Each structure stands twice: as structure tokens, then as C-alpha cells.
Q: 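Sharing a structure below in C-alpha cells format, with a few things to ask.
Both ligands and their constituent atoms are indexed starting at 1 by order of listing. Predicted model, so just to flag it, every value in this text is computed and none were measured. Position 1 is the first residue of the sequence; numbering continues from there. When reading the values below, keep in mind they use all heavy atoms of this one structure, side chains included, and skip hydrogens, waters and symmetry mates.
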Amino acid sequence: MVLPWAPVSGHKETRYVFVTGGVVSSLGKGIATSSIGTLLRARGYRVTAVKIDPYINVDAGTMRPYEHGEVFVTDDGAETDLDIGTYERFLDVDLSRRNNLTTGQVYLAVIQKERQGAYLSQTVQVIPHVTDEIKARIYEAGEAANAEIVLVEVGGTVGDIESLPFLEAIRQIRFEVGRERTLYIHVTLLPYLGAAEEYKTKPTQHSVATLRGVGIQPDGLILRSRSPVPEEAKAKIALFTNVEADAVFSAYDADHVYAVPEMLEGQGIARLLERQLALERVTPELRVWQEAVRILRQPERHVSIGVVGKYVAMPDAYLSLMEALKHAGIANRARVDIDWVSAEEVTNGDAGDAFDAYDGILVPGGFGVRGIEGKVRAARYARERGIPYLGICLGLQVAVIEWARHVAGLGGANSTEFDPYTPHPVIDLMPEQLEVDGLGGTMRLGSWPMRIARGTLLESLYANRLEAGSRDGVTISERHRHRYEVNPAYVDALKAAGLVVSGVTPGMEGRGEGLVEAIEISGHPFFLGLQSHPEFTSRLMRPSPPFTGFIRSAVERRQGHPVDVMV
Ligand code: GLN
């Protein structure tokens, strides 16, 4: 076999930690990977994480959130797997499109190169062409992030046909960069059989055998189980899987995902990392993290938030949102109970008093007409009853529709997404979307600036996050994913009726003062609509300002008096 180019190779110093999964899917590999990353970050290392998704979609943007969970958006506008969001929240780093690698991307690149003649005269094959492309992309992700340690999580389960080229690629990486710069960790399920009253190790043994079959002997195992795994079971697994006994870790069911780093730290996973990757022994700085977990476990208050959405049966479809509410709860020392309210049921039933039970109402992002009228009702109820309201993306759009219909006297107002013949298209397709052809990666995506008007609720929320100030206001940025916007032709009418436009994207031609990014209602305890998705940048130790303000307002509603915020 002739190699097409000089062999690709990673940076001389960079280390790679590969995480594979066995026995079943949905094991929490993302949490395991992120937790290892957290422990490395706490030791001062520059860490990045790559998620490999062996499906043929180029990205997650075209998949149903109902099946696949949320589509996470990065600063540079990639529509990624939700694990990228978990990495960002745990590692507190901003990732990019390089951090989510799919079969679709790899094949697309290889086929394009073939058409361009990059492999002239060769037979293009999975090995070496596809595997070289995979390796090159893993190395590039590490280099672009200037990472000292690159975590690579291979999605799916060992034994799947579609993950084979990826496993082959990560096997070759040890061969290329050296044993002392690579670590393989296999995460498996350890089922507990009630009748036998014991953990069953056989599936793990088979899974490791399958992994060995493709040439990878794991250096460490993380066993997912319902309770801490007894030492004898660990020793038995170590013996049968050829893994050192002190490299078998138990990831038992946790009360909070953010508790997993400490769980693994307590079992000494750092020793394995230090030993295998020749890292110095460093005391981790985990105090802020631990304090956040402590508040999660022992909140002083609680609030109840009604989230009026479409995918209420699949909370993973709103993963970042749930986490952002949790982070904002920590900042307010409050537990946030989320009640999922089906927008469709609100449409058909009586929105009425049911909403009074909530300390806050949140309408998250969404697409399509289903449940829209229920969301409009929710916004109206929050506005009229003075219930704290946070509208994200679609949640801003329904609040504007509601305001147009019931306050600005624009009967039948709607978004052209839901009613193309509405007499008042207060929400309309962005002009640049008219030329779009194809649905993959074509929305307004990623981080865009927002100029915040002086003297607004929004300004008070972002007070300590200001990136640049000017006479007209301060500018921050948040991530976006939408095709529609507030129709500039209606902005004056909405404002004349009292709506406050507190944020705009500056410098967008033909849109009056700029694309509407935020609206609020003065005199209301907390009524905020945002075209962006601030939940994507919320972190455990750095909560998102609109969420923190929303939860503070919900706490105040519940307590009946103002509170201090911790952050
Ligand atoms: N469907 C709306 C749009 O495309 C809202 C999108 C969203 O909430 N992310 O503009």
C-alpha cells in the first residue's frame, strides 16, 4: 500500500485521550469525557475535546431534536452534537466546528479531494484515505485550540460497523505519536442483576474483547453502574480485560452530572493520566466547582419555572436551556424546578390559572407552527399577570406577535413562518434568507454582536460583561440560530405602543436601526425576549446574565421581596 502523502502527525507535545463506549449507547460517555477534561483543566492544562459522530449527516443541524436531542451551536456557527455543549460547560472553553467530526464531513472532504485530483492515479480507500482524513482532522482540532491535551470521544458503541474507520484512525494515532502521548479509556455498562444480587461483568469483557479485535487495548475502564462498584468486581474486570486494577473506575449514578469529576478524582483517575501521559503531579483547583455542586445539593430556595415548548417529552432537546437554568439557580442559591408545558395543550386548553403556579415562564427556541398559539397565550399571560418571562429566539418572536395583536392593535399579526398570508407579518424571513438554497447550515448561525440600549433591563443584566461601549450603548455577543426576524417595517408601530427594543445588531443595512435582538416591557417585573440563545454560553461557574436575572426575578416573585445575587 502506498501512502498518499507524507504521514500526518500531531504536534510533538500534544497528548491524546481517546474515549470509546461499549455494551449500550447513552452511557454518559460525554459526561465521562468532560469530567476527565475538567480534572485536567483544574490542573491548569489547555484542553480541547473532539466528538466523533459516525453518522453520515454532515452536521446535527438537519436531525430531529426529538430523536437526537438538541442541536448545539458554536461561536463560529457550527450546528453540532449536544456533547459539544457538555464539553463547553465542563471545560469552560469555546469550541468550534473542528470539534465535531462526522462520517459525512470526512467522506465529503475525501470525495472532493478525489474530484480535484488530489489522489491522482490512486485507488481511494477507507484505509488510508479516510483514516488519514480523520487523523488530520483530530490533529488540526488540537492545533487550532493550541491544546496540550486533546480528548477524543468516539460516539456510538464499539462493534458498530460505522465507527470502524474512526477506531482504526485512533489506533493509528498511538502508532504515530507514541504510547506515552496516548491514553485509551473505554466506558461500559455494568448491569446489576437483582435476582443474582451482583454486577455482571461479562458484557464488559466482551466489549473489551471487541475493542481489542480492532487493535485497541484500553488503558483504563470507566464502569457505568447504579451504585459504587465493589473492589472485587473491579479486580475481576481488571484481570479479564488486561487493564491495571487501579485503572478501573466506577461511574455510578450521580445526583448531578457536575458531581462526576469529583467522583472520578476521588478514585484517583488522575494517577492514570499522570502515569500514562507523563504529566507532572499537580494539585487540582476545584474549589469554585465544588462550591457550585454544594449549592446544587443544598439550595436555600427554590423556584418553579414553566417551560412552554414543543419537544416536552424529550428534555434533551432543550439540554443547554436546562443547564443554563441550573447555573442561574446556583447564582441565586436556588433549585430550579422545571415543569414542561406542552404548547399544544395550552393551545387547546385553558392557559388560565395553570400558569399562576409558576414563578417564571420561559418560551424556548423552536421551529414550525405546531403549538404556536399556545406560546402566544403563555406570553400574553406572563405580560398581563406580571409573571417573569424569558423568551428565547422563537420566544421573542411569539412575544412580539402577542404584543402586536393585543397591544399595538395589529389584529391577525403573525410570523410568515406560521401564516404566509397574515395581514401583519411582524416576524418575517430575513432578506438574506431569500437566496438560501438547501437547509443544511444555512440559518443565521453563531455569534453575532448585539448593541444594548442604555437604561434598559438588558443593560443591567450584562453590566459586568461589556465588550465595548459607545454613546448609543454597549455591545456584547451571543449565539444565534434562526431564519426569521422582527420585521423592520413594524418596529415603529410596536415601539409606539410601548414595546422597548433594548438590543439590535448594529450595522445591518436596510433594517432601520438594526436587526432587533431584544425586546422588553417597562413596568413589568421581568419581561425579556432575545433573538439569540444565551443558554449556549452558560457555564457552571459563569452563568448567563439573562438567565440569572430571570431566576432572580422568579425568586423575588416567590418570596415577595428583592434578593441579592451571588455573582
Ligand atoms: N423558527 C424561528 C426562526 O427560524 C425561531 C428559531 C429558533 O427559535 N431558534 O427564526
Q: Below 4.0 Å, non-hydrogen atoms only: which portion of Arg481 touches ligand 1? Side chain, backbone, both or neither.
A: backbone
Q: Whether Glu520 and Lys495 form a salt bridge (side-chain N of Lys/Arg under 4.0 Å from carboxylate O of Asp/Glu) is what I want to check.
A: no
Q: For the residue pair Leu458 and Ala518, what are the closest heavy atoms and their distance?
A: CD2-CB, 3.5 Å
Q: Which bit of His533 gets closer than 4.0 Å to ligand 1, counting heavy atoms only: side chain, backbone, both or neither?
A: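 The answer is the side chain of His533.
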Q: Looking only at protein heavy atoms, identify the closest one to atom 5 (C) of ligand 1 and say how far it is in Å.
A: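 Checking every protein heavy atom, the shortest distance to atom 5 (C) of ligand 1 gives Gly366 O, 3.3 Å.
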Q: Taking only heavy atoms of Arg483 into account, list the atoms of ligand 1 that are under 4.0 Å away from them.
A: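 What qualifies from ligand 1 is 3 (C), 4 (O), 10 (O).
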Q: Considering only heavy atoms of Cys393, which atoms of ligand 1 have at least one such atom less than 4.0 Å away?
A: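 What qualifies from ligand 1 is 5 (C), 6 (C), 7 (C), 8 (O), 9 (N).
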Q: Of the protein's non-hydrogen atoms, which lies at the shortest distance from atom 10 (O) of ligand 1, and what is that distance?
A: Tyr484 N, 2.9 Å
Q: Can you list the steps and then say if His482 with Met430 is a side chain to side chain contact (heavy atoms under 4.5 Å, CB included)?
A: CA-CA 9 Å; His482 63 122; Met430 289 183 280; 3.8 Å; yes
Q: Short N/O distance, under 3.5 Å, between Gly368 and ligand 1?
A: no
Q: Does the ring centre of Trp403 sit less than 6.0 Å away from the ring centre of Tyr490?
A: no
Q: Ignoring hydrogens and angles, tell me if any N or O in the side chain of Gln397 forms a donor-acceptor pair with the backbone of Asn414 under 3.5 Å.
A: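 Such a contact is absent between Gln397 side chain and Asn414 backbone.
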Q: Would you please classify the geometry between the Phe527 ring and the Tyr389 ring as parallel, tilted or perpendicular, with 30° and 60° separating the classes?
A: parallel
Q: Taking only heavy atoms of Glu417, which atoms of ligand 1 are found under 4.0 Å from at least one of them?
A: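 So the answer, numbered in order with elements, is 1 (N), 2 (C), 3 (C).
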Q: Which of these passes side-chain hydrogen bond (donor to acceptor under 3.5 Å, both in side chains) with Arg479: Asp75, Thr537, Asp76?
A: Asp75
Q: Are any of the heavy atoms in His480 under 4.0 Å away from ligand 1?
A: no
Q: Please work out, at 4.0 Å between heavy atoms, whether the side chain, the backbone, both, or neither of Met443 comes within that distance of ligand 1.
A: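 Within the 4.0 Å criterion, Met443 makes no contact with ligand 1.
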